[in-house]
Colleague: 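Please read through the structure below; I'll follow up with questions.
Whatever order the structure lists them in is the order used to number ligands and atoms, beginning at 1. Please read these numbers as outputs of a predicted model, since none were measured by experiment.
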Amino acid sequence: MASEDHIERTFLMIKPDGVKRGLVGQIISRLEEKGLELRALKLKNLDIETARKHYAEHSDKPFYDHLVYYVTSGPIIVMAVEGFNAVRAVRQLVGATNPIEAMPGSLRGDFCLEQVRNLVHAADSLEAASRELSLHFNRDDFVSEVRVGEIYD
Ligand code: CMP
């Protein structure tokens, strides 16, 4: 392990288009194949107030209302994802915000075409991850560690 490698916990949302199109399994598989681990997961409908808070930094953008309307239009999945350098690792798997610029092999590069309906959202920094995790989860939603095999001991 290089000294710059740190275990981080980040936030990922599968947006309504991802849930509606039945891509949840494939998206989670990409995370798991990379070696990242789930620490919390919920399927839920986002209320308008939480959506506005989640996207508060974009409140002055022309697409803000459309984004809030869209992200509250159907069920979403919210996740806490943990692993080495998880913030950057998940952002790489997700790909560029504009799916046309996202590399093939990334989730947005492979599965979507539009900027608002761009399949997933991932926190862009540890600070954003912390803020978004506390907006979408309660403390007791998290599992601390997954110890596969202990049940057989
Ligand atoms: P996300 O990663 O959820 O973070 C902010 C979202 O705003 C982004 O994905 C896009 O869905 C949306 N977004 C960013 N830029 C634009 C844009 N130029 N036009 C429309 N939507 C955008």
Colleague: Relative to the heavy atoms of N118, which atoms of ligand 1 are at a distance of less than 4.0 Å?
Modeller: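 Counting from 1, the qualifying ligand atoms are 8 (C), 9 (O), 10 (C), 11 (O).
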Colleague: Between Y55 and Y64, is the ring-ring contact (aromatic ring centres under 6.0 Å, His included) condition met? List the steps.
Modeller: CA-CA 8 Å; Y55 282 122; Y64 180 67; 7.7 Å; no
Colleague: Do the side chains of L46 and L67 join up, straight or via other hydrophobic residues, at under 4.5 Å, putting them in one cluster?
Modeller: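 Shared cluster, yes.
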Colleague: Please state which part of H58 comes within less than 4.0 Å of ligand 1, counting heavy atoms only: side chain, backbone, both or neither.
Modeller: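 Answer for H58: side chain.
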Colleague: Assess K15 for proximity to ligand 1: is some non-hydrogen atom of it under 4.0 Å away?
Modeller: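 Yes.
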Colleague: Evaluate R91 for polar contact with ligand 1, using N/O atom pairs at a separation under 3.5 Å.
Modeller: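 No: no nitrogen or oxygen of R91 is under 3.5 Å from one in ligand 1.
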Colleague: Say whether, by atom type as modelled, one donor and one acceptor occur between the side chain of R108 and the main chain of L119 under 3.5 angstrom.
Modeller: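 Not a single qualifying donor-acceptor pair exists.
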Colleague: Determine whether a donor-acceptor pair (N or O, by modelled atom type, separation under 3.5 Å) exists between the side chain of R131 and the backbone of H54.
Modeller: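 Checking the backbone N and O of H54 against the side chain of R131, a donor-acceptor pair under 3.5 Å is found.
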Colleague: Looking only at protein heavy atoms, identify the closest one to atom 3 (O) of ligand 1 and say how far it is in Å.
Modeller: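 Nearest neighbour among protein heavy atoms for atom 3 (O) of ligand 1, to 0.1 Å: Y55 OH, 2.5 Å.
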Colleague: Are the side chain of N118 and the backbone N or O of P99 linked by a donor-acceptor pair below 3.5 Å?
Modeller: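 No; judged by distance alone, with no hydrogens or angles, the pair does not exist.
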Colleague: Answer yes or no for R108: is there a heavy-atom contact with ligand 1 below 4.0 Å?
Modeller: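 Checking ligand 1 against R108, which is what was asked, there is a heavy-atom contact under 4.0 Å.
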Colleague: Looking only at protein heavy atoms, which one is nearest to atom 1 (P) of ligand 1, and what is the separation?
Modeller: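 Here the closest protein heavy atom is H121 ND1, 3.3 Å.
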Colleague: When you measure from atom 6 (C) of ligand 1 to every protein heavy atom, which one gives the shortest distance, and what is it?
Modeller: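 For atom 6 (C) of ligand 1, the nearest protein heavy atom is L67 CD2, 3.7 Å.
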Colleague: Heavy-atom pairs closer than 4.0 Å: do any link ligand 1 to the side chain of V116, the backbone, both, or neither?
Modeller: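 It is both backbone and side chain that touch ligand 1.
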Colleague: Near K61 NZ, under 6.0 Å, is it more than 12 heavy atoms from other residues, nucleotides or ligands?
Modeller: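 For K61, atom NZ is crowded (more than 12 foreign heavy atoms under 6.0 Å).
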Colleague: What residue and atom, counting heavy atoms only, is the protein's closest point to atom 10 (C) of ligand 1, and at what distance?
Modeller: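 Ranked first by proximity to atom 10 (C) of ligand 1 is Q115 O, 3.0 Å.
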Colleague: For the CG atom on L43, are there more than 12 heavy atoms of other groups (residues, nucleotides or ligands in this structure) within a distance under 6.0 Å?
Modeller: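 Yes, because the 6.0 Å sphere around CG of L43 holds more than 12 heavy atoms from other groups.
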Colleague: Test your reading of the structure: does T97 have an N or O sitting under 3.5 Å from an N or O of ligand 1?
Modeller: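 There is no such contact.
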Colleague: Write out the residue and atom name of the closest protein heavy atom to atom 14 (C) of ligand 1, then the distance separating them to 0.1 Å.
Modeller: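 Of the protein heavy atoms, F63 CZ, 3.5 Å lies nearest.
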Colleague: Do side-chain atoms of N98 reach the backbone of I100 as a donor and acceptor pair under 3.5 angstrom?
Modeller: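 Answer holds: yes.
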Colleague: For the backbone of Y70 and the side chain of K15, can you confirm whether one donor and one acceptor N or O come within less than 3.5 Å of each other?
Modeller: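 Checking the backbone N and O of Y70 against the side chain of K15, no donor-acceptor pair under 3.5 Å is found.
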Colleague: Run the contact test for Y70 against ligand 1 with a 4.0 Å cut-off on heavy atoms, strictly below, and give the result.
Modeller: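 The answer is no: ligand 1 sits nowhere under 4.0 Å from a heavy atom of Y70.
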